[in-house]
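Index from 1, following the sequence.
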Amino acid sequence: MRGLLLALALTGCKGPPTETGGPDAQWGPPKPWHVTGEAGSIVVTRLDFPDNPRVDVYGLFGTDMQGFQTAAACAQLGMPCVTTLPDPGDWLRVDNTSFRPRQTDYRWVGDVMTVGPIQAQFEYDPERGIASYHATDQARPELPQAVRFGGEWANFDRPAVEFASNFTVTGPILEVGERLDLSGGEIEFTWESDGLNEVWLWIQGPQSRRIYLLEDSGSFTLDTGTLSLGRTEVVEIGLAAATHNSYDVAGNALDVLSLAGGGWKGSRCGDFLDVPLEGNTLPEGDPPAPIFMGWSFSGIIDDGIHDYFDPDTGEPSSARLTFTFFDFDFNELCQVDYDASAAARRDPLITDTGARLAQTYEVALFNGVSTCPQVNELIYGTTDLRTYIEQFDWGFAFGEMIELEEPLSDAFGTAWANQSQYIYSVYWTQDGLFGDEQGYGYAYTMNECYQGSGSPLETPDWSEPLPPGYYFTFPYFVEPVP
């Protein structure tokens with residue numbers, strides 16, 4: 001890939017940005033490495049989701065954009081791959097794999113491409129052979145945003161991203177964390193506008209992509225029964241006014257697509273389950289004398305942690321953290337459960353082994369459900385083991401197996417060669433900063449709404465997010481109490 005190889009030789013060769021403009025722009029003397037006759041695509045989406053506003057910046061530069069209006073975003077599987085828009089009021093189903101490298105040379109225009117204050121980082125996907133730029137930020141920029149890049153293209157610096165200022169989405173209105181129910185009913189999308197905008201509605205998921213061109217009438221009713229989504233497929237929906245700008249950058253054609261409006265997530269399953277843990281009083285009985293404590297987790301991981309249908313019983317169950325107490329001989333004495341549904345993502349934990357971790361979560365512990373009677377306050381500093389547990393800053397992560405590989409392979413024997421493909425290591429923290437490899441677990445795919453199918457998920461590339469599924473873990477190493 002010539003563009004990538006050249007990029008390595010050009011680091012530090014860029015001069016200050018050159019002011020650029022429209023047809024009358026005055027370009028500086030061409031550098032030996034500047035290309036001409038090529039194409040670039042920048043797509044910026046500013047969508048107000050129920051959780052937070054979100055801006056996504058995509059950039060792609062190369063010998064051929066293959067005729068796609070959304071090339072920069074669709075090449076990174078961020079939007080439908082749109083060549084020609086449908087007729088007003090109509091829609092098109094788009095093939096997920098329609099964008100291909102096709103012997104295209106992709107270009108390096110700097111280690112970052114900036115849009116306003118947002119820095120889109122240079123990325124390269126070796127499997128697909130595509131070099132591009134991407135950034136996500138929580139912001140709601142209103143004014144035209146300057147785009148800056150250079151590298152193998154002439155330096156470009158001008159307000160090129162312009163959002164429609166007369167378009168406001170008014171519905172549907174969802175609560176934070178709520179999803180649109182796409183199981184077969186109708187959903188009315190509404191907005192306020194001057195009636196002169198080019199209005200896009202798009203649906204983007206792992207298997208489904210659609211683009212609608214809407215009349216700027218202020219409302220549109222979507223028949224979700226026509227979508228043919230996968231059973232547990234989660235899609236993002238965008239409703240936005242589109243603004244197009246084109247520039248000649250010293251002999252290269254640059255298209256800038258800006259989309260501003262509202263965004264939602266949806267699925268055929270609709271919103272997640274909400275199953276509270278029940279019971280909050282200590283049981284009667286002789287006080288246990290716990291010596292050790294271990295940790296485990298069960299629940300759906302899919303854009304956070306969620307409740308589930310138990311794959312063994314079929315009953316709805318709350319996602320939970322379980323603290324299990326053992327005696328001196330490692331016999332289980334009792335346990336305390338906490339609702340994990342409100343877990344929040346946090347920065348990766350620090351590990352002694354340098355293990356690669358996927359998602360890391362922190363869970364605020366309160367209203368735990370305990371099967372442990374009162375304990376001796378003189379020994380444990382409290383009569384309620386929940387008070388002991390809640391003094392720590394708990395969190396956990398799934399990650400690469402290092403310290404558990406030897407003991408587990410010994411325990412599984414000849415079955416380890418097969419089992420090792422599916423076993424996840426679990427890292428726990430009591431201080432919110434350092435994590436220890438304390439347990440292991442499995443994950444099931446979800447062929448039904450929020451229910452593990454019994455088909456195990458293989459351990460992922462730890463540089464990627466965890467695949468959606470039902471996860472359940474067990475303690476292996478335990479800690480002394482207190």
Side-chain angles (χ1 to χ4, degrees), residues 45-51 54 56 68-70 73-74 77-98 164 167-242 257 259-274 302-303 306 446-451 468:
T45 61
R46 189 198 72 192
L47 302 179
D48 292 333
F49 284 84
D51 298 359
R54 194 181 85 200
D56 282 292
F68 290 106
Q69 296 188 38
T70 57
C74 81
L77 309 180
M79 280 189 68
C81 293
V82 178
T83 51
T84 302
L85 289 170
D87 294 330
D90 205 352
W91 60 273
L92 292 173
R93 180 180 288 111
V94 180
D95 182 2
N96 280 11
T97 60
S98 56
F167 184 87
T168 303
V169 174
T170 56
I173 298 175
L174 300 182
E175 299 295 329
V176 172
E178 188 179 359
R179 288 181 177 175
L180 290 174
D181 184 348
L182 307 179
S183 60
E186 293 184 342
I187 296 176
E188 184 178 18
F189 295 90
T190 60
W191 63 91
E192 295 177 355
S193 174
D194 62 3
L196 302 176
N197 286 297
E198 179 181 304
V199 182
W200 290 26
L201 177 75
W202 67 92
I203 297 171
Q204 167 72 33
Q207 299 142 11
S208 306
R209 291 186 180 185
R210 282 193 183 196
I211 181 74
Y212 295 74
L213 181 61
L214 306 183
E215 302 279 2
D216 193 6
S217 61
S219 68
F220 171 74
T221 300
L222 174 66
D223 181 0
T224 65
T226 67
L227 296 180
S228 302
L229 301 183
R231 181 63 178 171
T232 57
E233 183 181 11
V234 178
V235 297
E236 284 196 350
I237 299 176
L239 171 64
L257 171 63
L259 293 153
W264 305 265
K265 290 188 177 181
S267 70
R268 287 176 59 185
C269 298
D271 208 3
F272 286 107
L273 298 174
D274 184 11
D302 176 7
D303 255 359
H306 305 285
M446 293 187 299
N447 291 338
E448 299 292 335
C449 294
Y450 317 127
Q451 182 167 349

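Side chain of Gln69 to main chain of Val82: no donor-acceptor pair is present (N/O by atom type, distance under 3.5 Å, no hydrogens or angles). Between the side chain of Trp200 and the backbone N or O of Leu214, no donor-acceptor pair lies under 3.5 Å.
In this structure, CG in Leu259 is found 10.5 Å from CG in Leu239, a value given to the nearest 0.5 Å. If you take SG on Cys269 and CG on Leu229, they are separated by 10.0 Å, rounding to the nearest 0.5 Å. If you take CG on Asp56 and CE on Met79, they are separated by 10.0 Å, rounding to the nearest 0.5 Å. Going from atom CZ of Phe189 over to atom OH of Tyr212 covers 9.0 Å, rounded to the nearest 0.5 Å. From Ile203, atom CD1 reaches atom CG of Leu222 across 5.0 Å, with rounding to the nearest 0.5 Å. Taking CG of Asp90 as the start and CD1 of Ile211 as the end, the distance is 11.5 Å to the nearest 0.5 Å.
There is no side-chain donor-acceptor pair under 3.5 Å between Gln204 and Trp202. Using modelled atom types and a 3.5 Å distance limit, the side chains of Ser208 and Glu233 yield a donor-acceptor pair. Defined by atom type and a distance below 3.5 Å, a donor-acceptor pair is missing between the side-chain atoms of Ser219 and Thr190. Side chain to side chain, Asn197 and Trp191 fail the donor-acceptor criterion of an N or O pair below 3.5 Å.
Heavy atoms only, all atoms of each residue included: Phe167 and Ala260 are closest at CD2-O, 3.6 Å. A pairwise comparison of heavy atoms in Cys74 and Arg209 identifies O-NH1, 4.1 Å as the closest pair. Minimum heavy-atom separation, Gly185 to Thr224: O-OG1, 2.6 Å. Summarising the geometry of Arg93 relative to Thr226, their closest heavy-atom pair is NH2-O, 4.2 Å, with the distance given to 0.1 Å. Nearest heavy atom pair, residue Leu180 against residue Ile237, reads CD1-CD1, 3.8 Å. Annotation for Gly270 and Tyr450: closest pair O-OH, 3.1 Å, computed over non-hydrogen atoms.
Counting heavy atoms from C-beta on, the side chains of Pro50 and Glu178 never come closer than 4.5 Å. With a 4.5 Å cut-off on side-chain heavy atoms, Asp194 and Asp216 count as touching. Counting heavy atoms from C-beta on, the side chains of Ile187 and Leu182 come closer than 4.5 Å. Taking 4.5 Å as the limit, every side-chain heavy atom of Val234 sits out of range of all side-chain heavy atoms of Pro468. Counting heavy atoms from C-beta on, the side chains of Asp302 and Met446 come closer than 4.5 Å.
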- Message: Evaluate Arg231 against Cys449 for side-chain contact (heavy atoms from CB on, under 4.5 Å), listing each step before the verdict.
- Response: CA-CA 7 Å; Arg231 181 63 178 171; Cys449 294; 4.2 Å; yes
- Show your working on ring pair (Phe, Tyr, Trp, His ring centres under 6.0 Å) between Trp91 and Phe220 and close with a plain yes or no. CA-CA 12 Å; Trp91 60 273; Phe220 171 74; over 10 Å; no
- Message: For a salt bridge (Lys or Arg N to Asp or Glu O under 4.0 Å) check, start with the C-alpha distance between Arg179 and Glu236, then their side-chain angles and the critical distance, and finish with the verdict.
- Response: CA-CA 10 Å; Arg179 288 181 177 175; Glu236 284 196 350; over 6 Å; no
- Task: Please lay out, stage by stage, how Phe68 and Val94 fare under the test side-chain contact (heavy atoms from CB on, under 4.5 Å).
- Result: CA-CA 12 Å; Phe68 290 106; Val94 180; 6.0 Å; no
- Working for side-chain contact (heavy atoms from CB on, under 4.5 Å), residues Leu213 and Glu198: CA-CA 7 Å; Leu213 181 61; Glu198 179 181 304; 3.8 Å; yes
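Atom CD of Glu175 has 12 or fewer neighbouring heavy atoms from other residues, nucleotides or ligands inside a 6.0 Å radius.
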